[in-house]
Participant: 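Quick one: the structure is below, questions incoming.
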Amino acid sequence: MSKFKKLVKLWRYLLLLFIIAIFLNSCTADSLPLQTQKLQGNILILLPLNDDSNAMITTALQEFKRLNPDVNIIIEYNQKEHLLQRFIQESKKGLGATAIIDFSRQIPELAKSGNIRPIPESSIDISRYFASMLTQVRYQGKIYGVPLASHTRILCYNQAKLQISQDPILSQPPTKLDGLIERARQGYSVGMVSSFEDTLWGMGTFGSSFIDDKGYIDPQLEGWSKWLEWLKNAAIQPNFVLVREKRDILHQAFAGGKLAYYVCNSNEIPNLRKTLHDNLKVALLPGDSFPASPLLYTRVMMFNQSASPNEMNIGLALAKFLTNAEQQIYGMVVTQSYIPSNRHISLDMGLLPIQLVLLQQAKTVVAIPLDDLGILTPVLKQAELLYQQAIAGEISTTEAAQKLTVFIRSQISQPSEEYR
């Protein structure tokens with residue numbers, strides 16, 4: 001009898017485990033795409049035309065197709081200025097692409113208009129991605145995109161021009177801001193785009209910011225006044241070129257060997273390598289009391305609100321594939337121009353010196369939270385106006401910092417409709 005009771009208890013225990021397993025499986029099935037099933041079907045993806053990352057993405061899509069032969073991926077390219085407009089127009093009609101790959105700044109507009117759908121956190125492994133990039137896909141408590149990669153500003157330099165010097169200091173890029181001016185005086189020409197957003201990286205070198213460590217808007221702009229003074233002094237130095245709004249001019253000048261240093265966007269690297277080849281090198285942006293803090297720009301995959309469950313299933317599987325270690329490493333090797341979104345990549349960075357610098361620079365970037373874009377978009381416009389006035393001498397640098405502080409605080413106290 002005792003043995004019979006033990007046997008009954010054992011069967012009850014096994015039955016309980018079986019029921020729990022069924023329950024957990026049903027919960028998982030409701031929350032996750034069925035990626036264990038064989039993928040099949042068609043999806044359409046919109047990409048910006050003439051983007052340097054397209055070749056890498058196209059190669060990855062071909063590999064994904066090889067592994068999933070029953071999936072047909074159609075790629076369509078649009079001019080960057082028309083890409084978003086087309087997606088919105090077609091999405092409103094319940095049509096259009098399954099997904100669009102664009103910068104994360106587009107998420108608030110697309111989310112508010114209902115053109116893209118939120119992605120359940122259970123559908124992606126958020127532990128895979130850098131926290132700074134997750135900041136740029138999370139909007140009002142929901143995730144609206146899968147971060148693929150990011151770029152930021154960096155100091156590009158022409159190694160051939162530096163190697164002319166026999167001075168061990170001048171033959172290396174500067175680590176301090178004053179070293180950049182000293183090199184310009186010594187004949188090593190420097191090019192920078194003169195705008196608020198392009199020079200925002202220098203605010204951080206003087207301990208200035210408008211977003212605190214916790215991601216809240218808190219203008220501390222005394223250091224911006226010092227940075228503006230530094231820029232005004234740099235602009236009058238020989239061989240130091242500040243050009244307003246005309247990045248192409250500086251890009252071509254640097255690519256043509258007319259500049260020794262150029263504060264570039266890392267997504268310019270593939271094009272610059274075509275002419276400078278191995279002479280193209282990069283260094284961390286020089287600092288002062290603190291390290292430089294350039295903005296982070298993240299490219300993400302967003303999904304059409306009208307995408308079918310099967311399209312979403314394929315799309316999320318593709319996003320997971322694009323951000324696995326193998327594909328991200330491949331992109332790093334091919335382009336050496338972006339910061340991978342996958343934080344678990346293990347690679348001998350000695351083989352990729354440019355990529356090593358980018359990853360180091362990524363540690364001090366400013367990732368603007370999407371929830372703050374409604375406030376910061378007019379702030380950036382006002383900051384640009386004050387920046388140009390201060391550089392031109394129409395107002396003092398102290399006045400510019402004070403006015404911007406007042407403007408930011410007024411935006412915080414009277415937020416736009418979406419924040420009320």
Participant: If the threshold is 4.0 Å, N to carboxylate O, is there a salt bridge linking E394 and K403?
Facilitator: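 Salt bridge absent between E394 and K403.
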Participant: How many angstroms lie between atom CZ of F206 and atom CG of L177, to the nearest 0.5 angstrom?
Facilitator: 5.5 Å
Participant: Could you check whether S194 and Y387, counting side-chain N and O atoms only, form a donor-acceptor pair closer than 3.5 Å?
Facilitator: yes
Participant: Is it the case that the side chains of N304 and S306 hold a donor-acceptor pair, with the cut-off being a distance below 3.5 Å and no angle test?
Facilitator: yes
Participant: Is the closest side-chain donor-acceptor distance between N233 and E229 under 3.5 Å?
Facilitator: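 The criterion, which ignores hydrogens and geometry beyond distance, is not satisfied for E229 and N233.
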Participant: Please determine if K381 and E384 form a salt bridge, counting it only when a charged side-chain N lies under 4.0 Å from a carboxylate O.
Facilitator: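 No.
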Participant: Check for a donor-acceptor pair, side chain of S189 on one end and backbone N or O of A260 on the other, with a separation under 3.5 Å.
Facilitator: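 A pair under 3.5 Å: yes.
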Participant: Just grab all the salt bridge (charged side-chain N to carboxylate O under 4.0 Å, His left out) pairs involving residues 266-283, residues at least two apart or on different chains.
Facilitator: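 Found R247-E268.
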Participant: Hey, does V379 have a side-chain heavy atom less than 4.5 Å from the side chain of F210?
Facilitator: no
Participant: Can you tell me how far apart CD (Q79) and CG (L49) are? Round to the nearest 0.5 Å.
Facilitator: 5.0 Å
Participant: For the backbone of L296 and the side chain of Q136, can you confirm whether one donor and one acceptor N or O come within less than 3.5 Å of each other?
Facilitator: yes
Participant: Any donor-acceptor pair under 3.5 Å linking the side-chain atoms of N78 with those of E76?
Facilitator: no
Participant: In Å, rounded to the nearest 0.5 Å, how long is the span from CZ of F103 to CG of L84?
Facilitator: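 Going from the CZ atom of F103 to the CG atom of L84 covers 12.5 Å.
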Participant: Is there any ring pair (Phe, Tyr, Trp, His ring centres under 6.0 Å) pair reaching into residues 357-386, and which pairs are they, with sequence neighbours excluded?
Facilitator: none
Participant: With salt bridge (charged side-chain N to carboxylate O under 4.0 Å, His left out) as the rule and sequence neighbours excluded, what pairs involving residues 293-309 come up?
Facilitator: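 Qualifying pairs, neighbours excluded: D51-R299.
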Participant: Would you say the rings of W230 and W227 are close, in the sense that their centroids are separated by under 6.0 Å?
Facilitator: yes
Participant: For S266 and R153, indicate whether the former's side chain and the latter's backbone hold a donor-acceptor pair under 3.5 Å.
Facilitator: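 A pair under 3.5 Å: no.
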Participant: Keeping the roles fixed (side chain from Q336, backbone from L352), state whether a donor-acceptor pair exists under 3.5 Å.
Facilitator: no
Participant: Angle class for the Y297/H151 ring planes (parallel below 30°, perpendicular above 60°, tilted otherwise)?
Facilitator: parallel
Participant: Measuring from L250:CG to M192:CE, what's the distance to the nearest 0.5 Å?
Facilitator: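 Answer for the CG-CE pair, L250 versus M192, is 10.0 Å.
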